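Have a look at the structure below before the remarks.
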Amino acid sequence: MTDIRDDVRETFTELYGAEPDGLWSAPGRVNLIGEHTDYNEGFVLPFAINRRTVLALQARDDRRLRVASAFADEVVEIDLDELVPELLHGWSAYPLGVAWALGQFGADLAAMPGVDVYLESTVPIGAGLSSSAAIESSMALALNDVWQLGFDRPTLAKVGQLAENRVVGAPTGIMDQSASLLGQKDSAVFLDCRSLDAEVIALGFAEAGLELLIIDTGVSHDHATGGYADRRASCEKGAKALGVESLRDVSIDDLPRAKDVLDDETFRRVRHVVTENQRVLDVVRTLREQGATAIGQLLDASHVSMRDDFEISVPELDLAVETAQANGALGARMTGGGFGGAAIALIPSDGVSRVQVAIDGAFAEHGYGQPTMFSVTASDGAARE
Ligand code: GLA
């Protein structure tokens, strides 16, 4: 099998007629637990996966930015002086949006040279595995190096988030870019989205004889439109009605009072966030004290909360989760923003194929499209290759 890095280097050279200055890469992520908690200043526990964007870049002697990728047959060009969110569209909004966002964080774009970029990715698109954060993080790291900006990784994560929010137009939180930039092999990133303190937590899946299976339902979702922004708005409404800055300030003990104050729907949105924050803390504690085999019920409870309280699941995700649970998974839940995308299941390694066969069968029986399933391992974050 050819290494994607060789492909990227070769295609860059064919396209631009010169060798790149270097290669950078960044992974997608899967969220183990802590969903829709990041923009509520809560806790998340994602990990970087063994699927990456690889990017080749060369500095130019003028002010042109040129980006190309395996996603599209076009080379998108813009001058650094013209770089504004309104002019950026399609896939190129991710890398070019990062260049713009670096300027918002204080990089003196007027003094920077243009760059040529080519990228490819093994992170599946639309599966809820943050293919977009993988592009943003690889571009942020590459420009930080080549432009010698000296930003630290937490700042580069914020840069990627700003590109996503302002250029792509998705009102997402800080989780995805943080996982992609801060991830470490065999570990998850326990992130406090209020202080942005991050701690690396050993997962120990392989030692415990476990695999984490991704079940990509193929149901597409788009966080720049619809449900994601609605949920975020409900959380803000709940926080306001409860007189707190964010739902991070609401504890489980506060829920009875919240029930009296809020309408039923807003209350259930709030209850999801508050209980999910607690589940993240419980998973971290359980991983430390008892190991990965003991976290299954917390994953299951997270799914129920997203299905019934936050209402971001879809029938295909519910079926994937229930079928995995009924066929030997220790725990399962939908992962990511919801309304489609993927579920995860934590399964003893020798039982993975049984779960896969059962899910394939259940999807066929319901007349759903065939899901894509593969195991992921926790990997290192963004790096210069
Ligand atoms: C998407 C967003 C994240 C986070 C999750 C839900 O993946 O990009 O910031 O809000 O949804 O947990």
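For ligands, and for the atoms within them, numbers begin at 1 and follow the listed sequence. Not measured: the values here are computed from a predicted model.
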Would you mind running through ligand 1 and noting each atom that sits below 4.0 Å from a heavy atom of M175?
4 (C), 5 (C), 12 (O)

Structural part of M306 in contact with ligand 1, heavy atom criterion under 4.0 angstrom:
neither

F374 six-ring centre to R51 NZ/CZ under 6.0 Å and within 45° of normal
yes

Under 4.0 Å from a heavy atom of T172: give me the atoms of ligand 1 that qualify, with their elements.
2 (C), 8 (O), 9 (O)

Does a salt bridge link D3 with R5, judged by any charged N lying under 4.0 Å from a carboxylate O?
yes

Does F43 have any ring-ring contact (aromatic ring centres under 6.0 Å, His included) partners at least two apart in sequence or in another chain, and if so, which?
F190

I'd like to check which ligand 1 atoms, numbered from 1 as shown, lie under 4.0 Å from a non-hydrogen atom of R29.
7 (O)

Rounded distance [0.5 Å steps], CG in L242 versus NZ in K237
11.5 Å

State whether R307 and D318 are salt-bridged, where the test is any N-O pair (Lys NZ or Arg NE/NH1/NH2 against Asp/Glu carboxylate O) under 4.0 Å.
no

Just distances here: any N/O of Y39 and N/O of ligand 1 closer than 3.5 Å?
no

Enumerate the atoms of ligand 1 whose separation from the nearest heavy atom of D38 is less than 4.0 angstrom.
3 (C), 4 (C), 9 (O), 10 (O)

Among E311, E276, E236, which residue meets the salt bridge (Lys or Arg N to Asp or Glu O under 4.0 Å) test with R269?
E311

A student checking ligand 1 against G173 at a 4.0 Å heavy-atom cut-off should list atoms 9 (O)

Taking distance alone, with N or O pairs closer than 3.5 Å, would you say S130 contacts ligand 1?
no

